[in-house]
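Here is the structure we will look at, set down as structure tokens.
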Amino acid sequence: MDASPPIRFDNSYTLLPPRFYAEARPAHASEPRLFAFNHALAEELGLDANYLAAHGADVFSGNEQLPGAAMVAQVYAGHQFGHFVPRLGDGRAMLVGEVVDRKGNRRDIHLKGGGPTAWSRNGDGRAALGPVMREYIVSEAMHALGIPTTRALAAVTTGDTVYRETKLPGAVFTRVAASHIRVGTFQYFAARQDEEALRLLADHVIARHYPELEGEEDRYALMIEAVCRRQASLIAEWMRVGFIHGVMNTDNMAVSGETIDFGPCAFIDAFSFNKVFSSIDAHGRYAYANQPTIGQWNLVRFAEAVLPLLNTDMDKAVERANQAIKVFGDSFNDRWLEVLRAKIGIVTPGEGDFDLAQKLLKLMEDGRADFTRTFRALAASAVSPVADAGFAAEFIDREAAMAWLAEWRAYVDGDGIAPQDRAAAMRQVNPAFIPRNHRIEQAIVAAREEGDFSLFEALMRVLANPYEDQRDFARYAMPPMPDEEVARTFCGT
Ligand code: AMP
Ligand code: MG
């Protein structure tokens, strides 16, 4: 007899007081079908991957209760588009439980779309197939790009209908995260002046994500600084690959520093600083180039929430918080400059690096150049000027592009880096493949309308190696044709 359960849970969040969560039960799925299962991730988590591959439809729809599961919806608050909502919580998601993975890291396993919870408000707690596929594709693509993110473990269709503007097939997504604790989790308890809960939460976060701070007298302020550093680095990484999160509300910012909550997110095709995809972001609050500013805004809310833990003297607490928050701006500027240098192949830092890179971005915006293809083409130009015409072809104004290339070549020349080495380094930070919106959309339509998951599977295969040329898949590196372009993305709620 096999005595070991398919998932060996080791739950810590539910050791916190009951006011941190509410018990949750997944709704029954009438005809669950597993259409995606991440075998490699299951292995990494130390799960019984073979059992789960065979029983995944029941397990990942929530129909089969696993022994030792926590099954709770977590509570949080959040600023949504700047407006504070004192109680949000997991309205369509539940924490199944935690596992300690093969490397010894604690990870959450979470079901999204499994039915209503105590915090569903007027929502149905369900998810439709489209948004589930979208999160699956984009989160795994982010991981392959080397960017901290929640992961996709599995996805099932439920066999039930979800009602949005139209009837849609229902689905459940299984997400894995370092934790699901958000800036908004702190805000929830801060809004209730529940200092005891704040302290328990901060201690939990430090133990889980910042254990090096344990025992430090100033640990709560140092925690703010550590979160600032991780978020600064994360946002610089998003911008490296042209990613727009789209809904950076404080409840969608994880204190672990992982990308979380892929709703209306999208990758830029033709570059523009103020690009917005989300249908609900009318004022461009979460536009591409606004992400560091809004990241900092969110972290100020975080520092405010943690304030009571910093010092009993409020003036001193505020002073310490202000100091902690500065870490964000400094880290972001450092990280972004590093990203820009790497993207244009500068190996030896110099005074003019930022201006040279910024000038290129401006030209790309004016020239409607494709963000991904332009930097990839620049790597080819690093090898030989024979490739310059290909780079210039990405721009409306080719002469301006050629002029910038000449300036760039003169600037980087003579740093002693061999052309092939420069190009190879550039190709490691400038992907050939990103999850382009129109490709995601095509994969969703084929699955939803025809039950055909072959486009989804092809996309997943290409995106697993984004920095390799993969000539057989060259069409996936192409920008959308005018009739394929996806101008708007939706939360899918
Ligand atoms: P989001 O903007 O997707 O991060 O969601 C914001 C809030 O709305 C969270 O508290 C979600 O749990 C909740 N929510 C989103 N969609 C649903 C739904 N279909 N049913 C219940 N709650 C939902
Ligand atoms: Mg959310």
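By convention here, the first residue in the shown sequence is residue 1. Counting starts at 1 for both ligands and their atoms, in listed order. Computed from a predicted structure; not experimentally measured.
Close N/O approach between D124 and ligand 1 is found [any backbone or side-chain N/O within under 3.5 Å]. Backbone and side-chain nitrogen or oxygen atoms of N249 are examined, and none is located within less than 3.5 angstrom of a nitrogen or oxygen of ligand 1. Inclusion of W119 in the set of residues having an N or O under 3.5 Å from an N or O of ligand 1 is not warranted. Considering backbone and side-chain N/O atoms, N252 comes within less than 3.5 Å of an N/O atom of ligand 1. Taking only nitrogen or oxygen atoms, main chain and side chain alike, L88 does not reach within less than 3.5 Å of ligand 1. Among the atoms of G125, some N or O lies under 3.5 angstrom from an N or O of ligand 1.
Ion pairing of R230 with E258 is absent here, as no side-chain N (NZ or NE/NH1/NH2) approaches a carboxylate O to less than 4.0 Å. Between R164 and D124, at least one side-chain N (NZ, or NE/NH1/NH2) sits under 4.0 Å from a carboxylate O, which counts as a salt bridge. Between E98 and R107 there is no salt bridge, since no side-chain nitrogen of the basic residue lies less than 4.0 Å from a carboxylate oxygen of the acidic one.
A donor and an acceptor atom, one from each side chain of S179 and D108, are nowhere located under 3.5 Å apart. Side-chain polar atoms of Y220 and D203 form a donor-acceptor pair below 3.5 angstrom. Neither side chain, H245 nor T259, offers a donor N or O lying under 3.5 Å from an acceptor on the other.
Residue G89 places a heavy atom under 4.0 Å from ligand 1.
Of all protein N/O/S atoms, those under 2.8 Å from the Mg ion (ligand 2) are N252 OD1, D261 OD2, and waters are not counted.
The aromatic ring centres of F243 and Y288 sit 6.0 Å or more apart.
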From CA spacing to verdict: salt bridge (Lys or Arg N to Asp or Glu O under 4.0 Å), R240, E338: CA-CA 10 Å; R240 170 171 69 85; E338 282 169 22; over 6 Å; no

Evaluate H79 against N249 for side-chain hydrogen bond (donor to acceptor under 3.5 Å, both in side chains), listing each step before the verdict. CA-CA 6 Å; H79 273 91; N249 293 329; over 6 Å; no

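Listed by number with element, the atoms of ligand 1 under 4.0 Å from a non-hydrogen atom of G123 are 20 (N), 21 (C). Near S120, the atoms of ligand 1 lying under 4.0 angstrom from a non-hydrogen atom of the residue are 21 (C), 22 (N).
Scanning Q74, R164, Q80 for the heavy atom closest to atom 6 (C) of ligand 1 points to Q80.
The heavy-atom pair separating Q291 from Y286 by the smallest distance is CG-O, 4.2 Å.
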